[in-house]
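Please read the structure below before turning to the comments.
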Amino acid sequence: MRHELQNTRFMRWLDQRTGIWHMTHEALDEPIPGGARWAYVFGSGLLYILLSQIVTGVFLAMYYVASADHAHTTVEYITKQVTAGSFIRSLHMYGSSAMVVTLLVHLGQTYFFGSYKGRREILWMSGLILFSLVIGMAFTGYLLPWDQKAYFATAVGTNIAGEVPLIGDWLKALMRGGTEMGTLTLSRFFVAHVFLIPGTIFLFVGTHIYLFRKAGSAGPINEDPITPKQKPEQFYPKQVLMDFVFATILIGTLGLLSYLSPVELGPKANPSDTQFLPRPEWYYLPIFQWLKYWAGAWAVIGIVVIPGVVAALLVALPFMDRKLERRPWKRPVASFSFAIVLCGLIFLGWQSGHEDSTDPAVAKQLVKQTEETETFMNTKFQPEMMGSPLLIAAPLSPEAAKGKKVFVDNSCDGCHGDNGQGTENGPKLIGVSLKFDHDEMVKVLHNPTKKMRDGNMDPVDISDEDMNLLISYLNSLK
Ligand code: HEC
């Protein structure tokens, strides 16, 4: 079939200009020593998840506004109003978890089966860089909804960066865009999440795949990683099919999860809340728990020294471990340290959950936070209630715009706020049209009630024409 296609005039024309047949040949006819296996599906599974993250991410970015006043409202809008918005947002959030899990399996497998051996040092390092980039994506993405848990978890995360000796304060200010968290923090996290890190990820995914193809598949654990001896099988069709089946199962599972249990959004971040207990995404829990052990003067060791040593060991691994032996049982040191680290992480994660459920004060606060999220999810979306009347509302009609001028000229804004949102000297006027019809409004403005006069509001003395304009402005405050 491929050869028939190759010999059409159009394909010859295209190939002479692009070399496309050579490329598809390279891509599909890659030899796999020992043949296709289900064990090899994780790397390409990651590519499929990346693709899904891009598609859902672009969709979310079309609605999202990265500012402290609007971010939460726009995410609420996606979650409660937009058709399939909650589904797509859930896909994106579950996708990030799936990415981390699949990445850990891929990394663990490469380590455990010694597939980093045999001239694969740079390939291994590009993988480690991709790993940290994905962790960076998870960290920067978590803040964007600007709800309570996003805000307080990121406050913790950036504070940890502040503990780094010498450059800590600078690092923290760089992430936050100042000393406090606000619109600049969101804007920086957004830029990192949609431009900087993804751009770098594309670069390294390209590098990683290129280097993988250059080194060739390492094959099963009893295979020589430099000069394979087992009978090879081509990547296409069997491995392609297996990869595809795995991707379908992955994406299908994510879709089912998103449909059955959509991701929630909590109430908007309230920086003055002193009770809120931040809890990170589950895959950060072991690290979160780990940091509890390193308070005060010892913090540097837990935050910088030990993670630094682990990272350095990982990078150095293919340089230190030069033997070509790949069977785990013949590499006791490597396998044993792998098992210890894995058990350690599982234990820390378990301990974090255990401490939360056994401390009554903590457990109570966490239940309260869950209830607040439920309550928030059950309230209807009302953009005007979120302190951002202009967000999705239509622009003012010409009359209302002129009326707004009358409103300002008569200093109504002094007590009722620039957009009628209210100040401490006067109530909000948003929705006031529901209270008074036109004639009643004229009456109450000409003859303010006792309460209004007590609040120092003078009778409104303007022409009938201005009065009509003013009222059309008041009616537009919804
Ligand atoms: C000195 C402050 C002040 C200024 C200036 C002021 N108001 Fe008021 N206004 C008040 C207070 C206080 C009340 C509410 C009294 C109460 O508790 O019912 C009020 C109530 C109102 C109400 C009724 C709201 C309701 O929900 O019942 C309207 C309408 C209103 N103001 C319109 C205006 C307009 C239009 C202007 C400008 C011409 C204006 N106000 C200027 C203080 C002010």
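One-based numbering along the sequence shown. As the structure lists them, so they are numbered: ligands from 1, and atoms in each ligand from 1.
- With values rounded to the nearest 0.5 angstrom, Y293 atom OH is found 12.5 Å from I306 atom CD1.
- Ring geometry for F59 versus Y63: interplanar angle of 30 to 60°, hence tilted.
- Ring geometry for Y284 versus F139: interplanar angle over 60°, hence perpendicular rather than tilted (30 to 60°).
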Report every pair formed by an N or O atom of ligand 1 and a protein N or O atom separated by less than 3.5 Å, giving atom names and the distance to 0.1 Å.
| unit_1 | atom_1 | unit_2 | atom_2 | d |
| --- | --- | --- | --- | --- |
| ligand 1 | 7 (N) | H416 | NE2 | 2.8 |
| ligand 1 | 9 (N) | H416 | NE2 | 2.8 |
| ligand 1 | 26 (O) | K435 | NZ | 2.9 |
| ligand 1 | 27 (O) | K435 | NZ | 2.9 |
| ligand 1 | 31 (N) | H416 | NE2 | 2.9 |
| ligand 1 | 40 (N) | H416 | NE2 | 2.8 |

In residues 439-447, what donor-acceptor pairs under 3.5 Å come from side-chain atoms, sequence neighbours left out?
| unit_1 | atom_1 | unit_2 | atom_2 | d |
| --- | --- | --- | --- | --- |
| E440 | OE1 | D437 | N | 3.0 |
| H446 | ND1 | V460 | O | 3.2 |

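- Atoms CE and CG, on M181 and L186 in that order, are 7.5 Å from each other to the nearest 0.5 Å.
- With 3.5 Å as the limit, one finds a donor-acceptor pair spanning the side chains of W282 and S97.
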